[in-house]
Amino acid sequence: LAAAVTSYDPLQHDVVLLDLGITDIPDFDAVTRLLARDPDAAVVVLVGTEDDSVGEAAVRAGAQDFVTKGGLTGSALRRVVRYAHGRKAAIRDSEERYRRIVQNALDAVMTTDASGLIVDWNARAEQLFGWPRAEVVGRHVRDIIPDRPGAVDAHDPVALVAFVTDLWQRRAVVEVPARHRDGHAIPVELAHSVTTVHGATLLTVFIRDISERRRSEEKLHAQQVFADSLIDNMPGVFALLDDAGRVLRWNTAVERLFGY
């Protein structure tokens, strides 16, 4: 079985019928090895027991379906293979639609594994950070976001997953400085999601560049400081009241006049 897994060619097979009774590979390792070589493989597991829990465990490991040897007939095998191939094709179509949505998203999208290594990166992320996908995949998230919000250690998988899961559950959005490939800082807004694919935890980060918003806020603040300075340095008194006669603002000349 190990030799068959090693020689498996994704281009030559539509469905894989895998007999778990061949014991040179530990239980379900053959499923995970096949899916590692070809994530799109439609795997049907053949089990030698009437206990469905074995087949169900194989499905949880990534197989599309299972059939017991006792129930193996020509019609049953055709049905299982046909359904497995159809489901896998539907999954591939769904994943392709997802990839197209992510690739065309206006925000940068970065996906990491639980250890913080980048596994996916869309076109907007390439534009924002200057890293081509081929060069950034496999790098650590700290190369992009040096300081995790909340001082979470991105090298601690348990802490990282727990932190992002908490943000995801609270639908929280956080602002942090990110780093461009050339080293300059980019203020960004992050939203997170957590998913599990074939038993592996993946963290997807949606990243929005807020540089323009920060510049607008800084400009507005500077204008406010300038206006306050003009009002405070007016030679005459100045007071701003609301419709009810409550004081909203006055200058230093009023303070000197009334002692307030």
Side-chain angles (χ1 to χ4, degrees), residues 98-112 116-155 159-160 163-195 202-235 238-243 246-255:
Y98 170 78
R99 280 193 288 267
R100 289 178 181 176
I101 291 171
V102 169
Q103 281 302 313
N104 292 292
L106 297 178
D107 291 336
V109 182
M110 172 178 66
T111 302
T112 78
L117 295 180
I118 298 169
V119 299
D120 204 3
W121 185 257
N122 75 344
R124 176 59 183 140
E126 291 184 329
Q127 297 170 359
L128 180 59
F129 296 109
W131 284 100
R133 184 183 184 279
E135 295 182 31
V136 79
V137 167
R139 301 184 73 91
H140 200 273
V141 65
R142 276 200 183 277
D143 290 336
I144 310 301
I145 306 172
D147 300 309
R148 297 292 299 184
V152 172
D153 183 1
H155 289 288
L160 181 61
F163 174 74
V164 174
T165 300
D166 176 64
L167 289 178
W168 176 55
Q169 290 173 342
R170 293 189 290 111
R171 299 297 188 265
V173 175
V174 295
E175 295 183 9
V176 296
R179 183 166 58 199
H180 191 272
R181 184 178 186 176
D182 65 14
H184 79 267
I186 306 171
V188 297
E189 186 177 78
L190 307 180
H192 302 72
S193 71
V194 182
T195 55
L202 297 178
L203 314 178
T204 300
V205 186
F206 303 89
I207 309 169
R208 176 166 297 177
D209 182 3
I210 58 173
S211 300
E212 187 59 38
R213 189 173 80 193
R214 286 285 180 85
R215 284 191 289 268
S216 297
E217 291 171 349
E218 291 169 0
K219 183 178 180 180
L220 183 62
H221 176 70
Q223 291 172 341
Q224 185 64 50
V225 170
F226 178 70
D228 289 345
S229 177
L230 287 179
I231 292 172
D232 283 337
N233 289 284
M234 290 174 60
F238 172 88
L240 179 64
L241 309 179
D242 64 14
D243 292 339
R246 291 185 292 264
V247 177
L248 300 177
R249 174 82 168 82
W250 62 21
N251 68 351
T252 53
V254 176
E255 293 177 3

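Just so you know, residue 1 is the first one in the sequence shown, and it goes up from there.
The shortest side-chain heavy-atom distance between Val205 and Val141 does not fall under the 4.5 Å cut-off. Met110 is listed as a side-chain neighbour of Ile145, based on a closest heavy-atom distance under 4.5 Å. Taking the side chain as every heavy atom from C-beta outward, Asp228 and Arg249 approach each other to under 4.5 Å. In this structure, the side chains of Arg214 and Glu175 come closer than 4.5 Å at one or more pairs of heavy atoms. Contact annotation: the side chain of Leu117 never approaches that of Thr112 to less than 4.5 Å [non-hydrogen atoms, C-beta and beyond]. By the 4.5 Å heavy-atom criterion applied to side chains, Asp120 and Leu202 are not counted as neighbours.
Of the listed residues (Glu217, Glu218, Gln223), just one forms a side chain to side chain contact (heavy atoms under 4.5 Å, CB included) with Leu220, and that residue is Gln223.
Atom CG of Leu106 sits about 8.5 Å away from atom CZ of Arg124, to the nearest 0.5 Å. Atoms CD1 and CZ, on Ile231 and Phe226 in that order, are 10.5 Å from each other to the nearest 0.5 Å. Atoms CG and CG, on Asn233 and Asn251 in that order, are 9.0 Å from each other to the nearest 0.5 Å. Rounded to the nearest 0.5 Å, atoms CG (Leu190) and CZ (Arg208) are 11.5 Å apart. A distance of 11.0 Å separates CD1 of Ile186 from CZ of Arg179, quoted to the nearest 0.5 Å.
Remark: His184 NE2 is packed, more than 12 non-hydrogen atoms of other residues, nucleotides or ligands lying under 6.0 Å away.
Side-chain atoms of Glu126 come within 3.5 Å of backbone N or O of Arg133 as a donor-acceptor pair. Proximity of a side-chain donor or acceptor of Asn122 to a complementary backbone N or O of Val109 within less than 3.5 Å is detected. Although no hydrogens or angles enter the test, the distance criterion places a donor-acceptor pair under 3.5 Å between the side chain of Ser216 and the main chain of Glu212. Remark: the backbone N or O of Asp232 is paired with a side-chain donor or acceptor of Thr252 at under 3.5 angstrom.
For Asp243, the salt bridge (charged side-chain N to carboxylate O under 4.0 Å, His left out) test picks out no residue, with sequence neighbours left out.
Figure legend: cation-pi geometry between Arg181 and Trp131, with NZ or CZ positioned under 6.0 Å from the six-membered ring centre and within 45° of its axis.
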